[in-house]
Every structure is written in C-alpha cells, then in structure tokens.
Amino acid sequence: MSNNLPHGWTTATIEDAVDILDSKRVPINAKDRAKRVDGKRASDLFPYYGATGQVGWIDDFLFDENLVLIGEDGAPFFDFTKSIAYIIKGKTWVNNHAHVLRAIAELTSDKYIAHYLNQFNFHGYVSGTTRLKLNQAPMRRIPLPIAPLNEQKRIVAKIEQLFSDLDAGVETLQALKKQIKQYRQSVLKYAFEGKLTAEWRKKNKPEPASKLLEKIAKEKEQKSKGKKQKKLSPLDMTDLPNLPEGWKWTHLGNIIDEPKYGTSKKCSYESQGMGVLRIPNIVNGMVDDGDLKFAEFDEKEKQVYSLTKGDLLTIRSNGSVSLVGRCAMVSDVDEKHLFAGYLIRLRPTSTEIISKYMLYAMRSSFLRNQIESKAKSTSGVNNINSNEIKSLVVPLCDSKEQEQTVLEIERHFSIAEKAEEVVETALKQSSRLRQSILKRAFEGKLVSQDPTDEPAEKLLERIKESEVIKAEGKKR
C-alpha cells in the first residue's frame, strides 16, 4: 500500500478496525439443513451464508446485526470482476467458509470495510492453488487505510452513487444482450417464412420445392434398393403459417436418410483408437473436439458410426430440454471421428438440401417449439427419438434459395455479433471502472478532504485506549 496518504488519514490493519466473530460460526451440511427446513413456513427460515453469498436456508440464526463476510476458502480472490466481501443484515447463519467481521463503529463502517476488501490485492495473503484460502492470521494483517470518519461517510456515499449509475448502465447493457438474442430469433423466423429472400425470388424465379421433393423421393427409392419405405403420417396443415409461393412444408424425414443413433461403446480419455464425439462437443452449431474420449472399433463399426461433411449431429437426450435437438454441422476435419449414443446423425438425402439451411432451421423457434414439445418429460430426462425427429415439420425451398437464405441469415447474424462485441466490451469496461472507483476512493482521490474532520489517527488512539481500559477492568 502507498504511504502517500492524504492529510488526516492513517494506516492500520483489519484486526485494528473490526471485531472478528469467526468463533460463532457453525457449519451445517445440506442434508441436515434440508431436514431442519422441511415443513417449515418461509417466515420461520433464515438465510444461511457461505464464502460467496447465501447458499440456503435454516430454521435458526446465529447473528442479528449488520456484518461483513469475506470468503475463507473458495472465494474468487483474484477475479476483480467479482465481489470478495459482502454485507449481511439481520438474523442470519454463517458457515465456516466465510470470515465474519463487525466494523468498530467509532472507527469505521461495514460498507467502508467491504468496499476496501473488494479492491484489495490478495496476492501474498491467500494460500493454495486450485482452491484459494484466506486464513485468519493473514487476514488480520491486511493493511487498511483509514480516513477521518466523516470522510469515510462521504467516500461510501460517493461510491454508492457511482455504483448505482454503473448498475443502471449494466442493466441497460444486459437488456441489449437480450434484445440481440431476440433479434437473432426474429432473423430466423423471417428467414424460414421466406421474407429475407423475397426480393431475391422476384429476380431469380427459383423452381418450386415440390419438384425438389420429387427428386429426393426418387433418390430415397434408389438408396433403398427396392426395400419398402415406411411412410410418414400425412402432414397436418392446421396450425402452419402460410409460406411464399414455391415453398412447401414437409416432414424432416422426407429430406434426410434414416436417422442414426451413435455408439453405446464405453469410451474414455485413456483409451486408444478413434475419437468419439459426445454432447460436450456440440457447441454453437459446430463440432468442438477439444474434449474427446476414445475407443477401439472394428471396420464394420467404423462404417456404421462414420461421419461425412454436411452431416448434422443432434442431441437426443439431456436433463435440460433446451439442449435436446441442438445441432452441430460436421466439417471435413470432423470426419475422422465417430459419435456417441446420446447423439443422432442426420444426413441430407440429396446434395440439394443445404446442410447449413437445415442447421439454422433446427435453431428457429418454429422447430425448437416442436422439438421441446416432443422431448419434454417430467422424469428429469428429456428425450427425442428418431421417429419424432423425422416427424418434425420444416419449410422447404429450392436449393439456390436455401443458399441465399443462409447468406441472408449470416449477414444479419454478423450485425448481431458486432453489436454483441460492443456490449461485451462495455460490460468489461464497467467492471474495470468499478475497480478504478474503489482504487481512487482508498487513495483519497474520490472525494474532497475537510481539514476540520478529526484525523483518523486520533480515532485509532481513542479505540486503543478504550481497549486498554477494558482489559485492565477485566483483570480487577
């Protein structure tokens, strides 16, 4: 800490400025807490706090006042975008993962202490590597710049005013992020209603989708080598919106080969052999093979679970229904992998079905609503099977218009990405600005000094004299 403190300031340590109440903490595990809260009214329960905030409820309290908590272990000590210290109020319970501090009112305040700790550099004070720990001894010796008491109040008030303005800005930015997400869905909606390519259609006069479906039907017949194909149920047009002239609604099963489930063979990081793509490898419409497991396969298995550029891999089962039906498009570099059982391979029957068109269609709200309706389960595991996938209703147009639709989607998405980058940059700047405000505050640069304020050194001396008197009184 800099020794160039403003006039009237002094330096102490955390233990000089607070009462440490760690001895009153009591940890209760989640199972025992659950028993204690079972059947109780909400009004009979109290917040239960840990290293970084509230972690549950309990039916009793240990404290009944305003206190500062700072993580003992598990807190993000080196992440300046997150709070390390926080204030609790009223009747509460604290476990042994957070230090409990009570500001000495005649010297400082809980808010002053919390704000200071949230900008403090904990290097040299915490130990550990994977799970950082702030033991009580190093916490006690954390240096604390103490301003005159009235100036502390002005500092806290100014911090809270500036933070309030920042919070309002962050709220606006978060709202913009939501709007960008909604914009993407609007783009997909208009794309698959044929609205993004309306002008293109006037100039290019594409073939009707009915002709494309006829071609695909013949290809399917040739691939089946005379085997009778199971027909899909007739298309119910009741709730389907109108499409442009030349477009056609069809079942997904009419334009893809028979969906294929992945391998159920046990895979591991240690195994040799071929990489096997799993749910974690389906990321933002692409295959991410950074986290691969492996297994040995014979030639027949390799053929059965092989991948070809343009295939879509879709998640068929997950605890989160929003992940079911999520797809990734296979590129040429992904062809060396196979795929696991919680994925289904969707392969366009014809080269005139553009894979990216299918990928974006599967992300549209119209398809998502169908998928989630079919997949949703009360058992906690949501699932969509191959027959349900084939029954999905998709809008289809000529292959050239499919390509143009993809171009239009990606042009609009590029605009959204640039807007998102601006928002993310502004959010990062707001975090840095928050730290800058705190840094200036505890350098004495945020508010003006008042020479009539009682110097902090006198406050500290008075506190120490009071402690000596109390100690002598106890000896008598």
Side-chain angles (χ1 to χ4, degrees), residues 13-77 79 82-118 120 122 125-128 130-142 144 152-153 156 159-160 163-164 167 319 380 463 466-467 470-471 473-474:
T13 60
I14 284 292
E15 73 172 339
D16 293 327
V18 303
D19 296 321
I20 298 171
L21 308 179
D22 287 4
S23 61
K24 295 185 177 182
R25 303 175 300 181
V26 179
I28 307 287
N29 65 45
K31 187 177 179 181
D32 289 339
R33 288 204 315 276
K35 288 178 183 177
R36 291 178 60 160
V37 304
D38 187 38
K40 302 281 177 68
R41 294 176 302 179
S43 57
D44 294 329
L45 302 178
F46 305 94
Y48 180 90
Y49 289 100
T52 56
Q54 186 177 345
V55 292
W57 298 89
I58 198 164
D59 60 345
D60 203 352
F61 60 94
L62 302 174
F63 305 98
D64 188 8
E65 56 185 314
N66 286 14
L67 298 165
V68 178
L69 299 191
I70 179 170
E72 180 171 344
D73 61 282
F77 292 105
D79 185 349
K82 296 175 182 174
S83 293
I84 310 300
Y86 61 98
I87 294 170
I88 60 173
K89 300 179 180 181
K91 295 174 179 177
T92 55
W93 192 297
V94 183
N95 68 22
N96 60 343
H97 294 294
H99 295 295
V100 184
L101 314 179
R102 178 203 289 136
I104 297 172
E106 296 84 356
L107 181 64
T108 186
S109 68
D110 51 3
K111 289 182 178 179
Y112 186 87
I113 295 290
H115 284 312
Y116 175 73
L117 291 172
N118 280 329
F120 183 70
F122 286 90
Y125 291 86
V126 298
S127 56
T130 55
R131 189 173 176 85
L132 300 171
K133 186 175 179 67
L134 176 64
N135 290 314
Q136 194 182 109
M139 182 196 68
R140 286 176 178 272
R141 60 181 174 82
I142 288 173
L144 174 69
Q152 288 184 44
K153 292 174 182 176
V156 168
I159 288 172
E160 296 196 339
F163 277 14
S164 177
D167 288 341
I463 296 297
S466 174
E467 287 175 353
K470 285 180 185 177
K474 288 179 181 179

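Computed from a prediction, not measured in an experiment: that's the story for all the values here.
- Across every non-hydrogen atom of A17 and L107, the tightest pair is CA-CD2, 3.7 Å.
- For R36, the side chain to side chain donor-acceptor pair (under 3.5 Å) partners at least two apart in sequence or on another chain are D59.
- Of all the heavy atoms in I87 and A114, the pair that sits closest is CG1-CB, 4.1 Å.
- Atoms CZ and CG, on F63 and L69 in that order, are 8.0 Å from each other to the nearest 0.5 Å.
- Looking only at side-chain heavy atoms (C-beta outward), I70 and I113 stay at 4.5 Å or farther from each other.
- Atom-to-atom distance recorded for W57:CH2 and F46:CZ is 10.0 Å, nearest 0.5 angstrom.
- Under the 3.5 Å distance criterion, the side-chain polar atoms of N135 are left unmatched by any main-chain donor or acceptor of P138.
- Heavy atoms only, all atoms of each residue included: R141 and Y125 are closest at NH1-CE2, 3.4 Å.
- V18 has its side chain out of reach of V68: every pair of non-hydrogen atoms, C-beta onward, lies at least 4.5 Å apart.
- Around the NZ atom of K40, the shell of radius 6.0 Å holds more than 12 heavy atoms that belong to other residues, nucleotides or ligands.
- Going from atom CZ of F120 over to atom CD1 of I14 covers 8.0 Å, rounded to the nearest 0.5 Å.
- For the residue pair Y116 and I142, the shortest heavy atom distance occurs at CE2-CG2, 4.2 Å.
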Report the C-alpha distance between T108 and Q152 in whole Å, list the side-chain angles of each, state the deciding distance to 0.1 Å, and finish with yes or no for side chain to side chain donor-acceptor pair (under 3.5 Å).
-> CA-CA 7 Å; T108 186; Q152 288 184 44; 2.8 Å; yes
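- Counting only distance, with no hydrogens or angles, the side chain of Y112 and the backbone of A103 share no donor-acceptor pair below 3.5 Å.
- L134 has its side chain out of reach of D73: every pair of non-hydrogen atoms, C-beta onward, lies at least 4.5 Å apart.
- Within 6.0 Å of the CZ atom in R41, the count of heavy atoms belonging to other residues, nucleotides or ligands does not exceed 12.
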Kindly indicate, with the supporting measurements, whether the criterion side chain to side chain donor-acceptor pair (under 3.5 Å) is fulfilled by T13 and D16.
-> CA-CA 5 Å; T13 60; D16 293 327; 3.0 Å; yes
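- Atom CG of D60 and atom CG of D44 lie 11.0 Å apart (nearest 0.5 Å).
- The two residues E72 and N96 have their closest heavy-atom pair at OE1-O, 3.3 Å.
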Would R140 and I20 count as a side chain to side chain contact (heavy atoms under 4.5 Å, CB included) if you check the C-alpha gap in whole Å, the side-chain angles of each, and the deciding distance to 0.1 Å?
-> CA-CA 9 Å; R140 286 176 178 272; I20 298 171; 3.5 Å; yes
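- One finds the CG atom of L21 at 6.0 Å from the CG atom of L67 (value rounded to the nearest 0.5 Å).
- The closest side-chain heavy-atom distance from K82 to T52 is not below 4.5 Å.
- Of all non-hydrogen atoms in K89 and T92, the two that sit nearest each other are O-CG2, 3.6 Å.
- Annotation: side chain of L117 is in contact with side chain of L101 (closest heavy-atom distance under 4.5 Å).
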Please walk me through it: do D19 and I104 pass side chain to side chain contact (heavy atoms under 4.5 Å, CB included)?
-> CA-CA 7 Å; D19 296 321; I104 297 172; 4.1 Å; yes
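- Judged as a side chain to side chain contact (heavy atoms under 4.5 Å, CB included), and not counting sequence neighbours, the contacts of E160 are K111, H115, V156.
- Rounded to the nearest 0.5 angstrom, L62 CG and N95 CG are separated by 10.0 Å.
- S127 has its side chain out of reach of L132: every pair of non-hydrogen atoms, C-beta onward, lies at least 4.5 Å apart.
- Counting heavy atoms from C-beta on, the side chains of H99 and R25 come closer than 4.5 Å.
- With contacts defined as side-chain heavy-atom distances shorter than 4.5 Å, the pair V55/H97 does not qualify.
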